[in-house]
Amino acid sequence: MRSTRLEALIKAILLLATGFFLYGRIANGTLYYYINERFAGFTLFGAVGLIAVGLAYHFGRKPASASAQDLAHDVGQEHSHAPATTHAHSLSWGGAFLVALPVILGLAVPAKPLGVAALDNREFNLNLESSALPASLRNVADKAAEERNILDWSRTFQKTTDYGTLVGETARVTGFVYKDPTYGADHFVLTRFVVSCCVADASVVGLMVRSQDPSLQNDQWIEVTGTFVPSDVAGWQAPVLAAESMTPVETPQQPYLYP
Amino acid sequence: MAVLPKGCLSTVITDKQAALGDLAETTAAQRPAQRPGRRQPWLRPWLRWLLTLLLAAAALAAVFADTLLAGVGREFLAQRFQTFVTIFLGIFIEAVPFLLAGSLVSGLIAVFVDQSMIDRYLPKHALPAAISGSLLGMLFPVCECGVVPVTRRLYEKGLPISIGAAFLLAAPVVNPVVMLSTYAAFGWGPVLWGRIGFSILVAIVIGLLFHLAQPKETLLPNVSAAHHDACCHVDHATHGPKPPVGARLQQSMLTAGDDFIDMSRYLIIGSMLAAAMQTLVPQSALFAIGQGPVVSVLVMQLLAFILSICSTVDAFLALAFAGTFTTGSILAFLTFGPMVDIKSSLMFLGVFQRRTVLYLILLPLLMTFFIGVFWNLNVGL
């Protein structure tokens, strides 16, 4: 970019666009498709901060040469002895496009939480037998059986030495459908992703559900009510949830579970 | 002073690089390759080639996977792309507030700190300097995204290379926030103390190495203090009447905006690479490789590099691996990951010369690897 003023304008637009993009994700609730709700406050700070910096960038620079560039040697100042300005702060069109990329991709690709497609590349921690969450986090005993989510049940299984004690308990859980041919046509895994920071660290928990409903599709969100029965699926030790009723539900506002 | 006076000489070098970059960039567009007043290319040519290669590899892998899973076709690719975008935006959105905070601090340093303050307060001798660098994070609680713009600004103010390197490597762990989250995840124990202790150790050793080797041309030309002194005569904080605080605050906002845009380019490329790796490389392939005392350390280091998650929360993720992986490998994950991962090593390119970046990746890699293996073989807690 040749003109310093044009560059400053474009930078201001980029800052504002990123800020408003973040704010938009907070406002329409899709923020939780990307990060743990604990960090929503940080994102709000990011949105407000970027908008503030963008505004300061635009309005603070009005007297294009005087105050701003006197103080800051940073922005595109010409060097008397060198033909080229070597400052890192100058921005090429390619660089501007790159900075705009998150906003472009975010608006062009409809926001969707992670689904079955992301399962292939993750350790399928269905039993959570291998993970070691701290005892304080695992204390789910005080939750009523009906209120436990898939993560709570996974932890319950993990703590239990004798799965037989859990047979007969009822559960009402929500998740998305993951069908795997190896489990047979009358079983599927009701799945949730567990996100401690952002989707980059997502891990998977799931309950094996027995149901004869052939209309279920991968990635479909449903609420299942049922009773635990001993597992009859090869390679699956934990009890299986025999479905009594299944209701299709909307994708939840918070599609991930938080440890 | 570890910053070597190079100033105007480096400008010439950069012009040459700029010309090379232009050649690579503009032959197709039929623009004149050399034009007076041209900017420096935002990415070095080699990096552009690397990116092209990686993108090609990603495309090939996607196509290849497609033929393997015959019949899934276009929908499969679309879903993969959707997953890629979600993970990319996840890493980006998570990192933006921290990068912005780092940029704001950097802006404040640019306006309110001048070089004499750094000369006055920082120790002169090598060991105390490296130690103080590694503990500086207690004052600036930043994660690995925020630490880069702060370090760059401190270098511009004349901070010695060794102290900056120690700060850059240690600060993402040795700060109150990360200590607290590690404590929350692992409690008092070898993991917490090992993580803090080994991070400080690695940072001090690398800081000392930089001090002893006195490498030339470590920083990018526009970052070094010598450049600013020799070429620009712009140390406005010390020359002439000081402008009112309001104007200076506004100025710090402008500088923060510049820094944010500058660094976000590297953050975005890094997040995209990390997201691509996560979409294409199955984690189970990594875990299948090995569980031994040596290989497990390597696997966890590789995982830390690929995942590129923020140091403030990586302890919770490490917890999920604590049962299956050796303690040494968990320690390597928790010390190496915050120092170096895909996105932070790309951000290093905005501060250091390419060769220095390589050292800043390889030295922590080797040191944390040996620490992890040593722990597995000799301590084994």
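Remember, predicted model here, so these are calculated numbers, not experimental data. Lettering of chains follows the sequences in order, A, B, ..., and the numbering in each one begins at 1. Just the heavy atoms: all of them, side chains too, but no hydrogens, waters or symmetry mates, feed the values below.
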Problem - Residues of residues 45-52 of chain A with any heavy atom under 4.5 Å of a heavy atom in chain B - result: A:F45, A:G46, A:G49, A:L50, A:A52
Exercise for the section: List the steps, then state whether side chain to side chain contact (heavy atoms under 4.5 Å, CB included) holds for B:L104 with A:V53. Expected result: CA-CA 9 Å; B:L104 288 171; A:V53 172; 4.0 Å; yes
Fill in the blank from the handout: Minimal heavy-atom distance between A:G95 and B:R265, with the atoms involved, is CA-CD, 4.1 Å
Handout entry: Where B:Q82 and A:P110 come nearest, the two heavy atoms and their spacing
Key = NE2-O, 3.0 Å
Fill in the blank from the handout: Ranking B:I261, B:L267, B:V96 by heavy-atom pairs under 4.5 Å to chain A gives rank one to B:I261
Handout entry: Non-hydrogen side-chain atoms of A:L114 and B:I87 separated by less than 4.5 Å
Key = yes
Problem - Partner residues of A:Y258 under the ring-ring contact (aromatic ring centres under 6.0 Å, His included) criterion, sequence neighbours left out - result: none
Practice task
Among B:S271, B:A275, B:G90, B:G107, single out the residue with the greatest number of heavy-atom pairs under 4.5 Å to chain A.
Solution key: B:G90
Handout entry: Residues in residues 16-24 of chain A near chain B [non-hydrogen atoms, under 4.5 Å]
Key = A:T18, A:F21, A:L22
Handout entry: Worked check of side chain to side chain contact (heavy atoms under 4.5 Å, CB included) between A:L101 and B:M272
Key = CA-CA 10 Å; A:L101 206 54; B:M272 290 207 305; 3.7 Å; yes
Handout entry: Straight-line distance of B:L89 CG to A:Y33 OH, nearest 0.5 Å
Key = 13.5 Å
Problem - A:K11 NZ to B:L254 CG distance, which is reported to the nearest 0.5 Å - result: 10.0 Å
Exercise for the section: With a 4.5 angstrom heavy-atom cut-off, could you sort out which part of B:I268 is near chain A: side chain, backbone, both or neither? Expected result: side chain
Handout entry: Counterpart residues, ring-ring contact (aromatic ring centres under 6.0 Å, His included), relative to B:F98 (two or more places apart)
Key = A:F42
Exercise for the section: Taking the side chain as every heavy atom from C-beta outward, state whether A:C198 and B:I93 have any atom pair closer than 4.5 Å. Expected result: no
Practice task
Please report the shortest heavy-atom distance between A:A200 and B:I91, naming the atom on each side.
Solution key: CB-CG1, 3.6 Å
Problem - Close side-chain approach of A:F39 and B:E94, heavy atoms under 4.5 Å - result: yes
Problem - Gap separating the CZ atom of B:F92 from the CG atom of A:L105, nearest 0.5 angstrom - result: 10.5 Å
Handout entry: Engaged part of A:V99 at the chain B interface, taking heavy atoms whose separation is under 4.5 Å
Key = both
Practice task
Kindly say whether A:A111 contributes a backbone atom to a donor-acceptor pair with the side chain of B:T86 at under 3.5 angstrom?
Solution key: no
Problem - Contact origin within B:A101 toward chain A - heavy atom pairs under 4.5 Å - result: both
